[in-house]
K.L.:
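First the structure, which I've put down as structure tokens, then a few questions once you've had a look.
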Amino acid sequence: MSVKGKKVLHMDRNSYYGGDSASITPLEDLYKRFSLPGSPPESMGKGRDWNVDLIPKFLMANGRKQQHQTLHLHFSHHLESVISSQLVRMLLITQVTRYLDFKVIEGSFVYKKGSIYKVPSTETEALASSLMGLFEKRRFRKFLVFVANFDENDPKTLEGVDPKKTTMRDVYKKFDLGQDVVDFTGHALALYRTDDYLDQPCIESINRIKLYSESLARYGKSPYLYPLYGLGELPQGFARLSAIYGGTYMLNKPIEEIIIENGKVVGVKSEGEIARCKQLICDPSYVMDRVNKVGQVIRVICIMSHPIKNTSDANSCQIIIPQNQVNRKHDIYVCMISYAHNVAAQGKYIAIVSTTVETNDPEKEIKPALDLLEPVEQKFVSISDQFAPTDVGSESQIFVSRSYDATTHFETTCDDIKDIYKRMTGTEFDFAEMERKKNDIFGDAADQ
């Protein structure tokens, strides 16, 4: 909005950036936040060495090349430029990437019958994987080749599949893929959280699997990226960018009242002063009378002194536990990062388990994930209500975001950002147009 020439004042009741998705430092503050008695033991190292994300997410990158676009990646070898999933595109367009350094997550794993396996997504890996038997591997390889070549505008590549009509269930049937393979393809490659996608037209699933494979082909270890010093760097990067364009930031600002006249927002009152505005964007916690509860997410932050078993000692990884494998409706996710990302003291690992709550005993629901992490030195458990706006803002001009969901990537968050953008401006957020304009707008800022 600052870049669009709007005057932006950003007020936050917290003393840190990022709201719900902040990274907490020092470690003492995390203990306080979860009301744990005492301070962290000496074995945890220096409190300042920790930046612990409250909400675990990775960025998905993919392999489409674009000139003059690079992400700062810590690699031993030179990488061609990258453009990618929605968040990375937003970061590149707005040049927030100038403020961030990324590392590639070392592996993606999937859970099957109590054990974890590396997610195969190339033909070579599929053929070497112990996830499938020999005949299953051949069928899966055929399926991957079909997906890689699939082009909805070239009938020769369709093999009788209608992208808009054939369901994904029928595509799996066509290749005679068994339930376990369907589970990991849908949940670990296409990244669906439930099985509703099976009865939808197959084109979206095929494109999702393509995105995953292309990202992987580019990075080798996994298609996920993570910023050094934690996800809290993302909101700070946007704050810096906004400031270049005249945006003002105020942390530690308690919001006393949102002032409405004739059903429309006209200002916000804080510490006795009123800041006047034409539009207001906020998260649900500021306007509980304009949202309703749509679910709950449980997240458990686990501090460990060891990598996760059977991950080849990776210093970062994602594990997906498909819902079918544990008789649930929603997948369980584990995101693990470590001292290698400047988020923990030397030799320490942080694994965050998350899922959508389905029962009255959420901690029991995530037991299959916690079992993979033993022994855990310290756990921090949060169960958060998820809210969605009941007011879309067309009258009130108050635009409320949705709570973060249990997914471990930012795609649903970006959908929400684009939705708010459309509700505020009346026009779609157009990536292509923004990319064209970028050079005109950001030319001068790039030197600052």
K.L.:
When you measure from the centre of the six-membered ring of Y286, is the NZ or CZ of R13 under 6.0 Å away and within 45° of the axis?
P.N.:
yes

K.L.:
Determine whether K210 and D151 satisfy the following criterion, salt bridge (charged side-chain N to carboxylate O under 4.0 Å, His left out), listing intermediate values before the conclusion.
P.N.:
CA-CA 11 Å; K210 260 189 198 302; D151 173 359; over 6 Å; no

K.L.:
Looking only at heavy atoms, what is the nearest atom pair of K174 and E159, with distance?
P.N.:
NZ-O, 3.0 Å

K.L.:
For the residue pair M132 and K137, what are the closest heavy atoms and their distance?
P.N.:
O-CE, 3.2 Å

K.L.:
Exactly one of F140, Y117, Y111, Y192 should register a ring pair (Phe, Tyr, Trp, His ring centres under 6.0 Å) with F184. Which one does?
P.N.:
F140

K.L.:
Atom CD1 in I116, atom CG in L131: separation rounded to 0.5 Å?
P.N.:
11.5 Å

K.L.:
Under 6.0 Å from the ring centre and within 45 degrees of the ring axis: does the NZ or CZ of R402 meet both conditions for the six-membered ring of F387?
P.N.:
no

K.L.:
Does the plane of the ring in Y31 sit parallel, tilted or perpendicular to the ring in F380? Use 30° and 60° as the thresholds.
P.N.:
perpendicular

K.L.:
On a heavy-atom basis, which atom in V96 and which in L234 lie closest, and how many Å separate them?
P.N.:
CG1-O, 4.5 Å

K.L.:
Roughly how far apart are S130 OG and K118 NZ, rounded to 0.5 Å?
P.N.:
12.0 Å

K.L.:
Assess whether side chain to side chain contact (heavy atoms under 4.5 Å, CB included) is satisfied between M90 and C414, documenting all intermediate values.
P.N.:
CA-CA 9 Å; M90 284 181 187; C414 291; 4.1 Å; yes

K.L.:
Throw together a table of side-chain donor-acceptor distances under 3.5 angstrom for residues 308-317, partners on residues two or more places apart or in other chains.
P.N.:
residue: K309; atom: NZ; partner: E374; partner atom: O; Å: 3.1
residue: T311; atom: OG1; partner: I308; partner atom: O; Å: 2.6
residue: S316; atom: OG; partner: E106; partner atom: N; Å: 3.0

K.L.:
Considering residues at least two apart in sequence or located in another chain, which fulfil the ring-ring contact (aromatic ring centres under 6.0 Å, His included) criterion with F410?
P.N.:
none

K.L.:
Just checking, any donor-acceptor pair under 3.5 angstrom between side chains of D195 and H187?
P.N.:
yes

K.L.:
Should E363 and K367 count as an ion pair when the cut-off is N to O under 4.0 Å?
P.N.:
no

K.L.:
Taking the side chain as C-beta and beyond, is there a heavy-atom pair between D53 and V343 under 4.5 Å?
P.N.:
no

K.L.:
Could you state the interatomic distance from OG1 (T412) to CG (L191), rounded to the nearest 0.5 Å?
P.N.:
11.0 Å

K.L.:
Please give me the minimum heavy-atom distance between A344 and K348, naming the atom from each residue.
P.N.:
CB-O, 3.8 Å

K.L.:
Of all heavy-atom pairs between V147 and I206, which one has the smallest distance, and what is that distance?
P.N.:
CG1-O, 3.9 Å

K.L.:
So Y349 and M336, do their side chains get closer than 4.5 Å, heavy atoms only?
P.N.:
yes

K.L.:
Should the pair F143 and F146 be assigned to parallel (<30°), tilted (30 to 60°) or perpendicular (>60°) ring geometry?
P.N.:
tilted

K.L.:
Working note: E428 + K418, criterion side chain to side chain contact (heavy atoms under 4.5 Å, CB included); need CA distance, chi angles, decisive distance, verdict.
P.N.:
CA-CA 7 Å; E428 298 280 351; K418 291 192 313 193; over 6 Å; no

K.L.:
Side chains of K57 and Y224: is there a donor and an acceptor less than 3.5 Å apart?
P.N.:
no

K.L.:
Grab the two heavy atoms, one from L54 and one from R299, that are nearest each other, plus how far apart they are.
P.N.:
O-CD, 3.6 Å

K.L.:
Nearest 0.5 angstrom please: I352 CD1 to L373 CG, how far?
P.N.:
11.0 Å

